[in-house]
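Only this structure's heavy atoms are used, side chains among them; waters, hydrogens and symmetry mates stay out. Protein chains get the first letters and strands the later ones, always in sequence-line order, with residue 1 at the start of each.
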Amino acid sequence: MKQTPEEKIVFLNELLGAAYPNPKSELNYESPFQLLIATIMAAQATDRQVNVITRELFRCAPDAETMSRMELDEVRSLVRSINYCNNKAKNILAVSRILVERWQGVVPGTREGLESLPGVGRKTANVVLSNAFDQPVMPVDTHVHRVSNRIGLVHTEKPEETEAGLMTIIPEAWVIPFHHYLLLHGRYTCKAKKPDCAHCTVSGICDYPAKN
DNA sequence: AACTCGGGGCA
DNA sequence: TGCCCAGAGTT
């Protein structure tokens, strides 16, 4: 019983709610600004690291205006325990100043505006567009990329092609719950090194077990 | 297309 | 303890 990617999407949609409940719980920030900064900090870092860092960071600098008036050394000391802290300190300080000077302190809700900010690439922009502006976009990180290819929703090495491929087969209204599912499925079950196919609820439609 | 950033996770 | 990881930017 070979299934098309579209048929797999319909099957998966039945499972989403039960599979990994409590969507968006990790991204419940008070403003688009805080979401943007936390998402920049989240690159190559664990959720726990980000939560520890941002708690103190946002206590000192809850908005762009406040952060923009800080010294680089202050920002650096607040984020010093996270990966790439020097780059990230520079980036988020620059972002806060650009937001104040060019965007009236407001996070832009467009891809071009977001990707023009230092430290913000396609994936980070998509996270902000999705969570803060309710745009039906798919932030493709390595989890989403790996899981989508293993299941057989797409067939490509390139993450940007995974994003385009998923968008053609997932109905707009399903994009955000699918992103949540693909991300957590990759993190907890369909892991890069040791995928736990024995306990996987979607192995019936997945290309991976047969191939490995 | 390869390289850098650099602490955390895991064998 | 040493290898590998993952977004964005640079060369």
Nucleotide B:dC5, atom P - distance to CD of A:Gln44 in whole Å: 14 Å
Would you list the atom pairs, donor with acceptor, under 3.5 Å between side chains in residues 88-99 of chain A and any protein atom, with sequence neighbours excluded?
unit_1: A:Lys88; atom_1: NZ; unit_2: A:Met41; atom_2: O; d: 2.9
unit_1: A:Lys88; atom_1: NZ; unit_2: A:Ala43; atom_2: O; d: 2.7
unit_1: A:Lys88; atom_1: NZ; unit_2: A:Asn83; atom_2: O; d: 3.2
unit_1: A:Asn91; atom_1: ND2; unit_2: A:Asn87; atom_2: O; d: 3.4
unit_1: A:Ser96; atom_1: OG; unit_2: A:Ser68; atom_2: N; d: 3.4
unit_1: A:Ser96; atom_1: OG; unit_2: A:Leu93; atom_2: O; d: 2.7
unit_1: A:Arg97; atom_1: NE; unit_2: A:Ser68; atom_2: O; d: 2.9
unit_1: A:Arg97; atom_1: NH2; unit_2: A:Ser68; atom_2: O; d: 3.4
unit_1: A:Arg97; atom_1: NH2; unit_2: A:Met70; atom_2: O; d: 2.7

P spacing across the pair C:dC5 / B:dA2, given as an integer number of angstrom: 16 Å
Nearest-angstrom distance from the residue atom CZ of A:Arg80 to C1' of B:dG6: 16 Å
Ring geometry between A:Tyr20 and A:Tyr181 (parallel below 30°, tilted from 30 to 60°, perpendicular above 60°): tilted
Chain A contact limits on DNA chain C, taken 5' to 3' with a cut-off of 4.0 angstrom to heavy atoms: C:dA6 to C:dG9
Neighbour count >12 (heavy atoms, 6.0 Å) for atom CZ, A:Arg69: yes
Contacts of type ring-ring contact (aromatic ring centres under 6.0 Å, His included), residue A:Tyr84, not counting sequence neighbours: none
Inter-nucleotide P distance (B:dG8, C:dG9), Å rounded: 23 Å
Contact nearer the 5' end of DNA chain B, comparing A:Ser81 with A:Lys194: A:Ser81
A:Lys8 side chain vs A:Leu153 backbone, donor-acceptor pair below 3.5 Å: no
Closest-nucleotide 5' rank along DNA chain C - winner of A:Thr142 and A:Asn91: A:Thr142
Rounded P spacing from B:dC3 to C:dC4 in Å: 15 Å
Salt bridge A:Glu163-A:Arg122, side-chain N to carboxylate O under 4.0 Å: yes
